[in-house]
Amino acid sequence: MKRISISTLMPVSLLLAMAATVTAPAAAPAFSLAWSEYPSWSVFGVAHVYNLIDGREGKLGPIEQKWGVDIVLKEAEYDPCLTMYASGQCDAVCITDMDVLNPALGRPSVVILPTSTSFGADALIVANTIGDIKQLRGKKVYGLQKSVSEYCFVRNLELLGEKESDHLFTNMDPSAAAVAMQQKQAGFDAIVVWNPFVMETLNRRSDVKVLFDSTTIPNEIIDTVAVAQASLDKPRGRQFACAVIDTYYALNERIAAPATRDETLVALGEKFSHLDLAAMRKVVQQTKFYSTPKEGLAVLTGPELRAIMTKVVDFCVKHEITTKAPTVGYGTKAEAKTADLRFDPTYINLVAARKR
Amino acid sequence: MIRRPIQPATALCLGVLSVFLLMSGYAWLSHRQHATNPKDTTIPNWSQLKEGVVSICKADKRGERWLIEDAKATGLRFFLGLGLGLAGSVLLGMLMGCLTPVEAFFYPPLSLLAKVPATAALAVFFVMAGTGTNMYVAMIAFGVLPTLTLTVCLAVKEFPEELHYKAATLGASHWEIIYPIIFSYVLPKLLDAVRLVIGPALVYLIAAEMVVGDVGFGYRIRLQSHRVNMAVVYPYIALLAAFGFGMDYALRWLQRLLCPWFGESRG
């Protein structure tokens, strides 16, 4: 299989851009979306490459024209994305259901779109010498504290009936922890990391295994797009939310279609890691995309979400990730007036209705 | 007009005024941000900052005070790293300055390494020195060593020949010329150079702590920025500034104490 890189696509997309991009008319207000490199969020960067949207300010791609808004993409590392969003430097951000709690306390936020859930993308990797979880007691487990890694670890301990206080979750950046394990550094017998580090570590050491991963807690770690309530209230804020959702599902159609699937996956993986097509196929299994409006709505309107968010909020308060629990609401603004954080299916419904 | 002296009281007033302006500038920024969003935590106001400072100083659930734990960890790493780098560079720099073959041998790699930003080589240190205290120490030591060594070496070479001949004529042995004579000549310049590397050394340390630390200033700053808890981040930054300033002041004081002749010659 020939590897199609973004650079070979560049001339094509440039031509397309010249043909399709138009300069934004004054009537299309600009809204910004901060995104970081992650399979279901790179979708927006790739949508720009394929000219579904034009991420530059003042330029409109076809989807932006359809909704009459200008989506401005801001790519950054994950942490700066959160800071940018919290300080009001962007209208929307790609963020997990857990990390959105803090910014929501300061800036009322609406989750308009669940993009994917971790289904094996977060894992506890241990040396083969460790047979079961009991042998991990008192041993250092390295991973990023107060992140989905710690959440995944603690939730799995609960499921296995282990006491959290018997275990030493020690802070380390996942890339550094993965390298330390790959090098067999002394003391690195257990790490909790996310992809691509899970796959890379398993590829590079044959004497380690996954003890447990996020498949035991499906739909609990949710990757989302959150928009500030204040931005939604602006003129055309609603259309902005719809355009973001439309873009997401349009690119998912490219992934679903056999003709464009491989090429799109490779484009998604381009910056994520140097994983090949086969590995990227696995990555998108472990980061399960909510690839249709139906799947997205099932999350936002399903019976599970409330129980899950209660668990997530409890965890965050108990682990001092948030200073206090934000009020979480479900449904439209009228239905959850006082919520700091709201899960709202309205916009997906609007997009789905316009498609039919 | 140019360099005309002013009253000490005026100088003090001007200093106070500039700090006051800085503070009011911040207060204004914070006020503006809170006007757009009353719940903002990115540019905290004074009462939020006070809460932040309290949370740094009070014991957490595990009975640990962040400030104490972080200061201990970061301080240990910093002083070990700087101490090792300093010791190495004095030894190597003196040897290079005094013995031409040693200089010829070490000069090329050191002058190249002096230009490598240690933060760029962060991953190299993780790979070679692990992720324990060793790594921080190695990073600071190797980060400051090339520059300091070259400074010492150049200072030795500047040692006036007439002093060398005078000491030799008065019967000093080779060793006595190196220590105390040349060393005393080099010491004040070395202390100046150390003042200049405090900044870079802190940069290396904080950067490394942000990535692999589980305690320390860099760790706390990264974790709290991730939580958008800037009321903790700003005081930590202020503490780092105070630490750097304190070190600078202490080194100047040390220079005056150990090398009283130096200040006079510099005027």
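Proteins get letters first, then strands, A, B, ... in listed order; numbering begins at 1 in each. The structure presented is a predicted model; accordingly, all values stated were derived computationally and were not measured.
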Distance from A:Asn102 atom CG to B:Thr41 atom OG1, nearest 0.5 Å? 7.5 Å
Portion of A:Tyr85 that has a non-hydrogen atom of chain B nearer than 4.5 angstrom: neither
Heavy-atom side-chain contact between A:Leu144 and B:Arg222 under 4.5 Å: yes
Do NZ/NE/NH1/NH2 and the carboxylate oxygens of A:Arg107 and B:Asp40 come within less than 4.0 Å? no
What do you reckon, is CD of A:Glu57 surrounded by more than 12 foreign heavy atoms closer than 6.0 Å? no
Atom CD of B:Gln33 and atom OG of A:Ser87: how far apart are they, to the nearest 0.5 Å? 6.5 Å
Portion of A:Gln182 that has a non-hydrogen atom of chain B nearer than 4.5 angstrom: neither
Which heavy atom of A:Ala176 sits nearest to which heavy atom of B:Val211, and what is that distance? CB-CG1, 4.3 Å
As an exercise: rank A:Leu105, A:Thr83, A:Val179, A:Leu101 by heavy-atom pairs under 4.5 Å with chain B and give me the winner. A:Leu105
Would the number of heavy atoms belonging to other residues, nucleotides or ligands and lying under 6.0 Å from CZ of B:Phe142 be above 12? no
Say whether, by atom type as modelled, one donor and one acceptor occur between the side chain of A:Asn171 and the main chain of B:Gly213 under 3.5 angstrom. yes
With a 4.5 angstrom heavy-atom cut-off, could you sort out which part of A:Thr322 is near chain B: side chain, backbone, both or neither? backbone
Honestly, the part of B:Gln224 sitting under 4.5 Å from a heavy atom of chain A is neither
Distance-minimising heavy-atom pair for A:Thr170 and B:Asp214: CG2-OD2, 3.0 Å
The interface call for A:Tyr78 against chain B, heavy-atom contacts under 4.5 Å, is side chain
Between the CG atom in B:Asn229 and the CD1 atom in A:Ile321, the distance rounded to the nearest 0.5 Å is 12.5 Å
Taking atom NZ of A:Lys234 as the centre, report whether more than 12 heavy atoms of other residues, nucleotides or ligands fall under 6.0 Å from it. yes
